[in-house]
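Being a predicted model, the structure only gives us computed values, none of them experimental. FYI, the numbering just counts along the sequence from 1.
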Amino acid sequence: MSRREKIESMLADDPTDNFLRYSLAMELRSEGANQKSLDLFEALMKDTPPFVQAFFMSAQLLVDIDEVDRARTHLRDGIDQAREQGDAHAAAEMSELLATLGEMGEL
């Protein structure tokens with residue numbers, strides 16, 4: 001049984017487990033299933049409360065597939081959410097990535 005299959009099996013028992021959903025998104029990303037991965041990250045971003053790590057990882061994936069403007073939006077939203085949730089470390093990581101993007105992808 002693959003790691004993805006194990007995660008999916010555990011999710012069948014508890015489909016609301018955010019860490020398992022995040023783990024599945026990460027596994028799908030590593031398999032190259034970018035859209036499925038993004039869909040899961042975006043669902044986590046819409047949860048209440050939003051799953052902060054999903055903003056950062058989705059932004060990284062978006063940069064990898066040359067969707068830099070969308071990545072910036074995810075990072076800005078993620079920074080706001082991280083600050084709201086008191087996660088200064090995540091906010092700093094996302095701020096750093098946002099700063100490194102600079103003018104990348106601008107027309």
Sequence neighbours excluded, the answer for side chain to side chain donor-acceptor pair (under 3.5 Å) partners of Q53 is none

Applying side chain to side chain donor-acceptor pair (under 3.5 Å) to N34 and not counting sequence neighbours gives none

Kindly indicate, with the supporting measurements, whether the criterion side-chain contact (heavy atoms from CB on, under 4.5 Å) is fulfilled by V68 and L62.
CA-CA 6 Å; V68 177; L62 288 165; over 6 Å; no

Residue list, side-chain contact (heavy atoms from CB on, under 4.5 Å) with N18, at least two apart or on another chain:
R21, L44, D47, F51

Mind checking side-chain contact (heavy atoms from CB on, under 4.5 Å) for S9 and listing every partner two or more places apart, or none if nothing turns up?
none

Would you call [X] and [Y] a side-chain contact if the rule is heavy atoms closer than 4.5 Å?
X	Y	value
P49	Q85	yes
D77	M45	no
F41	K46	no

Can you see which heavy atom on L97 is nearest to which on A59, and at what distance?
CD2-CB, 4.4 Å

Would you compute the distance between atom [atom1] of [X] and atom [atom2] of [Y] and round it to the nearest 0.5 angstrom?
X	Y	atom1	atom2	result
I79	S95	CD1	OG	3.5 Å
L61	M26	CG	CE	9.5 Å
M94	L75	CE	CG	7.0 Å

Shared-cluster residues of L20, by chain and number - hydrophobic side chains joined below 4.5 Å
I7, M10, L11, L24, L28, L40

Could you tell me whether K36 and D39 have a side-chain N and a carboxylate O separated by less than 4.0 Å?
no

Sequence neighbours excluded, every pair satisfying salt bridge (charged side-chain N to carboxylate O under 4.0 Å, His left out) that has a member inside residues 87-98:
none

Strictly by salt bridge (charged side-chain N to carboxylate O under 4.0 Å, His left out), give each pair with a member in residues 3-16 just once, sequence neighbours left out.
R3-E27, R4-E8, R4-E31

Kindly write out the residues that satisfy salt bridge (charged side-chain N to carboxylate O under 4.0 Å, His left out) with R29, not counting sequence neighbours, or none if the list is empty.
D64

Those residues at least two apart in sequence (or on a different chain) that pass salt bridge (charged side-chain N to carboxylate O under 4.0 Å, His left out) with E84 are none

Donor-acceptor contact present, side-chain S37 to main-chain A25, <3.5 Å:
yes

Strictly by ring pair (Phe, Tyr, Trp, His ring centres under 6.0 Å), give each pair with a member in residues 55-82 just once, sequence neighbours left out.
none

